[in-house]
Every structure is written in structure tokens, then in C-alpha cells.
Trainee: 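Got a structure for you, written out below as C-alpha cells; questions coming shortly.
For reference, positions follow the sequence shown, starting with 1. Source: prediction; values computed, not measured.
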Amino acid sequence: MTDTPLKPHGLARRSANYGDREFALYLRRSFAKSMGYSQAMLDRPVVGIVDTGSGYNNCHRTVPELIEAVKRGVLAAGGLPLPFPTVSLCEPSLFPTSMHYRNLAALDTEAMLSAQPMDAAVLIGGCDKTVPAQLMAAASADIPCVQLVTGPMLATPFQGERLAACTDCRRYWAAYRAGRVTGERIAEIESRLATTAGTCGVMGTASTMGCIAETLGFMPPGHGSIPAVHAERLRAAEEAGMLAMRLIAKPILPSELITEASVENALRVLLALGGSTNALIHLTAVAGRRGVKIDLDRLNTLSDETPVLVDLKPTGEGYMEDFHAAGGMPALLWELRDLLRTEALDVTGRTLAERLKEPEFVDRRYIKARAEPVSPVGGLVSLFGSLAPRGAILKRSAATPALFEREARAVVFDGLEDLANRIDDPALDVTEDDALVLKNAGPLTPAGMPEAGYLPIPSKLARAGVKDMLRLSDCRMSGTAFGTIVLHIAPEAAAGGPLGLIETGDRIRLSVKERRIELLVDEATLAARRATWRPPAVPGRGWDRIVAEQVLQADEGCDLAVLRPAAV
Ligand code: FES
């Protein structure tokens, strides 16, 4: 036994279950001392630091130096910083998709936040699914947490334009498919799209989630958009460490941050950013962990009231570094102030009303005034109808208004393989007036709800100059993509939704004005098709089986049923 008894905090929390608590703590101290810590250090409050660095994760390349900066902040404030690894998800590195593993990362992170002894945590995330997973974990573990993001990459000047992943990746690839860019040129561009550390440089999912985490109050104002390679990002990390220590003295729990008020504010921000459609699924999952439901009808009301104010790719022109330099989230929140619920708290302990202050500078090229918005209405709308009884999403700010009121013939692909095999077949019976439909790519399928909703324009049409078509699916699209694309159709085909019954030649009607998406097929025909429909086989074992048995539909955030609070 030590002469210095541990206080019931830090390493003394959550002793291993040997049936003898004193022995468990004795053993824990012995092993901690084998790492060279003095007793004085081991008596300090503990801040866990979630390390999502990985050789597979380019977006998290800076995590090692961020950890050092967080540790500095914790040590300076009198704590003991203890980094620990969790699942790291990098968007382009995972099969079938990173979305398939978001809930695994959330489960891993929640388990480690709950099982290991710590008084508070700093969550270092960045790439698309990591921040949602960490916020879901924080919501469920409900210990004081500060979210730190790796931050966006910088755009690269290149031959008179600027490039950053991944809107420009898609733009150039579409031009290559259409024959407007040569193979040599596309190979040259490949090394220019992501030239610094950090997450995608546009208002894609990673950036949107950074802004949402800031809106929910998990980081101090202005921290969500600091570029990855700026010194300011390291100072934010140091501050995150200090802030975690303050939260130990004066706890503000995730359950106090994730409330109806803050979730509604986050939805407003998502709309005003022209942010990623994926963020809606993630926010639904995060809110769901605290029993806060996102109603897609309410989203439409908010969307009608909330203008798009941020002019960034993929819907506009700027990059994340422009948004940050233009004033970032504090400037945007100020602009939206009369629409926000200002009782919402943040980790600094202040309400939004106390945090809101008029910015000294706003660059109106990137953050517009309410009187001169990018669009007078929000970026997203939800659609309902016979094709999507539980809803679907359209990012109208990245779509072609001429396609908003439309009846079209469906050209249906049964799944990703069918899509890959036929989309560029010169014999494919398709015109630009048709609607491309992809089914069997939702959360329940082995495809793992990929970002395949951005169905490629058939190359024969692309080469003829067609840039957009109506496209529909039960999967997602990248936050960096654009087009008239109806996503997240629920229930998905694999769950027995009407999407599973659609066939080539059926008529579909989209009305953005009426918020409707209809399958114009009579009920008798659908009943006959339903009689022969079979659900997909359930995978035999492992994570795939857990997902197939537990994953919820898009309107419930695609969380696992078993991870939601018992009361929901
Ligand atoms: Fe990581 Fe885009 S691939 S943020």
C-alpha cells in the first residue's frame, strides 16, 4: 500500500473487478509506475485522449502532434494526460465503406471512455465518421468531453485554379469520364488534390461535422474550422487539454450539451452551411443517443426558414480555409442569431446567448449577410411519398432546379455490381430525361450504405454533355458531391421498402415544391411484386452479422438498435 492514498478520482476510478478493490488499485498503480510515473503524477486527475492516428488515415496525419499539444495543456493545468487508441476510420481506405464501421468506432470509443479510469476526455477526430462516432460515444458514456478535430487541409494553387479534396476530385473525374480531360491530365491532378495534412478542404461531411460539434458546444467557438496545418490548430489542442481539466472541476456533461435546443441549432447550422447530407444521419444518431428525435417534417420547416449563408464548395466557390478566415462559425452563428435557441450551453460553461458576439470582421465572399444569402432557403429538404414512406433527402442547394418538378421513367440498377456492369454499356436504354435508380445499397446490405448515391452519368450521356440527371437510391453521397440526387430512401430496399419493388420502366414523380417522391405504380402490381420479394441473406458471423441484425434505418441515424438508450 502506498502512503499516499488515491482520491476517488483519476486512476482510482472504475477499478478492475478482482473482488478486492484495494488490491485492484494497488495492482493498477504498480503497472502505471512501470511506465515511469511518479506517485505525484498518478494522484492527479486523469484526462484520456482518444488517439485515432493510423497509418491508413491521411486525414489524421497530425494526430501525434495534436496529442502532444493536448498533453501540454493537461499537464499545465495539473492533470495526467493518458492517450489511448481507438478504431480509426479513413473514408477512402475502408471496404465496403467507412459508414459500415462508424458504429463500431462509436462502440469502441464508448467502451474505452467508460471502462478506463479517467475524469474527462479529449476526443481527437476529423475524417467523416470519426467525429460522429466520438460524439455518439460521448453522448452514451456521458463523461466530460472536449471534441478536437484535426482540421481541414489547405487548397493548393495549381495552374490558375485551386484544388482540394474532394469536390475537385469528383469534378475532374466527371470531366475525365466525359472525355474532356485526358488520362495524362487526370494522373497529374491526382497528386495535387490533397497536398497538406487534414480533412477534405470543402464543406463535406468532415467539415460539416466539425461545425456541428462546435454548434453542439463540444469545443470553444471558432475551433471547428481551423486548418490542420496552422499553428492555431495546435493552440486549440493545448486549449482542449486545459478545458478538459476545467470540466473536471466544473463538469458539463454531454447530456447537458446534446439537448433539443442544441440539436435544433445544429440543424439550422447544417442548413445554413449548405452542409453534407451525411451530417443529417450522424446528427440523428448523436441526438438519438440522448433520446432527442429529429423529425424530418421539422427539418423542412427549418429549411424553409434558414437561408444558406456559406458559399463554399461543393455548393459554392470557397474552401474551408476561406470560411475560417472569413470568421468561421462565430460569424455564422451571429448571422443566424434570431433563429437560434440561445439557452444552449457549451464546454466553456457559457450559453449561446453569452457566446454570441458581433464579429469584428466578416468576409462576405464566403459568409453572406441574411439580406443577401446564397439561397433564401436551406440546403436540404426531406421528401415523403409512396417511394419513401419514412422519408428521403435531397440536397437542393447542390441540385439542378430545372429537375425539381419532374416525372421520369426509372432506369433501375439492382445493386452496385449491376450498376458497375451496365452504367457505361453503350447499349443501355437511357436518356437524360430518365431517373437513374439504385437499390439494395442501404445500411442493411453488405454494401454498407456507400456514398454511391452520386450515380455516374452514363458515359454516353456524359460525353454528349449531360451534367446532371435525377438519381435516387437508399444509400448516401459524399458531402463533397453535387447533383439532383435523392438519398437515404427509407425504408431501404433490403428492409422491404417500396424501393425494392421498383422496376425499369416504372414512372417516378419528384416534386420538391410539394416535398413528394412518388412511385407511380398501382397497388395490385406492387402487391404481385411484393409476393416474390425476398430479403437478403443475413451474414454468417462477426460485425457484418451484428450490423445486419441491429442497424436502424436512415431516419433513425443508422445507429445500432442495441446502442440506443433503453427508453427510446
Ligand atoms: Fe477524410 Fe475526406 S477523406 S475527410
Trainee: Check step by step if salt bridge (charged side-chain N to carboxylate O under 4.0 Å, His left out) holds for Arg177 and Asp424.
Mentor: CA-CA 10 Å; Arg177 280 179 55 79; Asp424 289 334; 2.7 Å; yes

Trainee: Are any of the side-chain heavy atoms of Ile393 and Leu383 separated by less than 4.5 Å?
Mentor: no

Trainee: Taking Asp168 first and then Arg171, would you say they form a salt bridge - that is, a charged N and a carboxylate O separated by under 4.0 Å?
Mentor: yes

Trainee: Taking all non-hydrogen atoms of both residues into account, name the closest pair between Ser473 and Leu499 and its distance.
Mentor: C-CD2, 4.1 Å

Trainee: Specify the closest pair of heavy atoms between Leu438 and Ala441, including all atoms of both residues, with the distance to one decimal.
Mentor: CD2-CB, 4.1 Å

Trainee: Please determine whether side chain to side chain donor-acceptor pair (under 3.5 Å) holds for the pair Asp108 and Thr86, giving the CA-CA distance in whole Å, both sets of side-chain angles, and the decisive distance to 0.1 Å.
Mentor: CA-CA 6 Å; Asp108 172 13; Thr86 64; 4.6 Å; no

Trainee: Identify the heavy atoms of Ile258 and Ala139 that sit nearest to each other, and give their distance.
Mentor: CD1-CB, 3.5 Å

Trainee: Considering non-hydrogen atoms only, spot the tightest contact between Gly126 and Thr150 and give its length.
Mentor: CA-OG1, 3.6 Å

Trainee: May I ask you to say whether Glu518 pairs ionically with Arg507, meaning some side-chain N is under 4.0 Å from a carboxylate O?
Mentor: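 Salt bridge between Glu518 and Arg507, a charged N being under 4.0 Å from a carboxylate O: no.
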
Trainee: Check step by step if salt bridge (charged side-chain N to carboxylate O under 4.0 Å, His left out) holds for Asp506 and Arg529.
Mentor: CA-CA 13 Å; Asp506 290 348; Arg529 292 179 190 174; 2.7 Å; yes

Trainee: Do we see a donor-acceptor contact under 3.5 Å between the side chains of His223 and Arg233?
Mentor: no

Trainee: For Asp474, is there an ion pair with Lys439 - N to carboxylate O distance below 4.0 angstrom?
Mentor: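 Between Asp474 and Lys439 there is no salt bridge, as every charged N stays at least 4.0 Å from the carboxylate O atoms.
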
Trainee: Could you tell me which non-hydrogen atom of Gly217 sits nearest to which non-hydrogen atom of Leu257, and how far apart they are?
Mentor: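 Distance-wise, the nearest heavy atoms are O-CD1, 3.8 Å.
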
Trainee: Please step through side chain to side chain donor-acceptor pair (under 3.5 Å) for the pair Ser140 and Arg290, ending with a clear verdict.
Mentor: CA-CA 7 Å; Ser140 294; Arg290 297 304 325 168; over 6 Å; no

Trainee: Quick test of your reading of the model: are Glu264 and Arg298 salt-bridged, counting only N-O distances below 4.0 Å?
Mentor: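 Answer for the salt bridge query: yes.
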
Trainee: With side-chain contact (heavy atoms from CB on, under 4.5 Å) as the test, pick out the partner of Leu403 among Val512, Asp433, Thr484.
Mentor: Thr484

Trainee: Is Asp434 salt-bridged to Arg409, going by a charged N under 4.0 Å from an acidic O?
Mentor: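 Salt bridge flag = yes for Arg409 with Asp434.
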
Trainee: Decide, yes or no, whether a salt bridge links Asp468 with Arg471 under the criterion of side-chain N to carboxylate O below 4.0 Å.
Mentor: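 A salt bridge is present here (some side-chain N lies under 4.0 Å from a carboxylate O).
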
Trainee: Do the rings of Tyr454 and Phe482 sit parallel, tilted or perpendicular, given the 30° and 60° boundaries?
Mentor: perpendicular

Trainee: If the test is side chain to side chain donor-acceptor pair (under 3.5 Å), which one of Ser98, Ser276, Ser478 qualifies with Thr205?
Mentor: Ser276

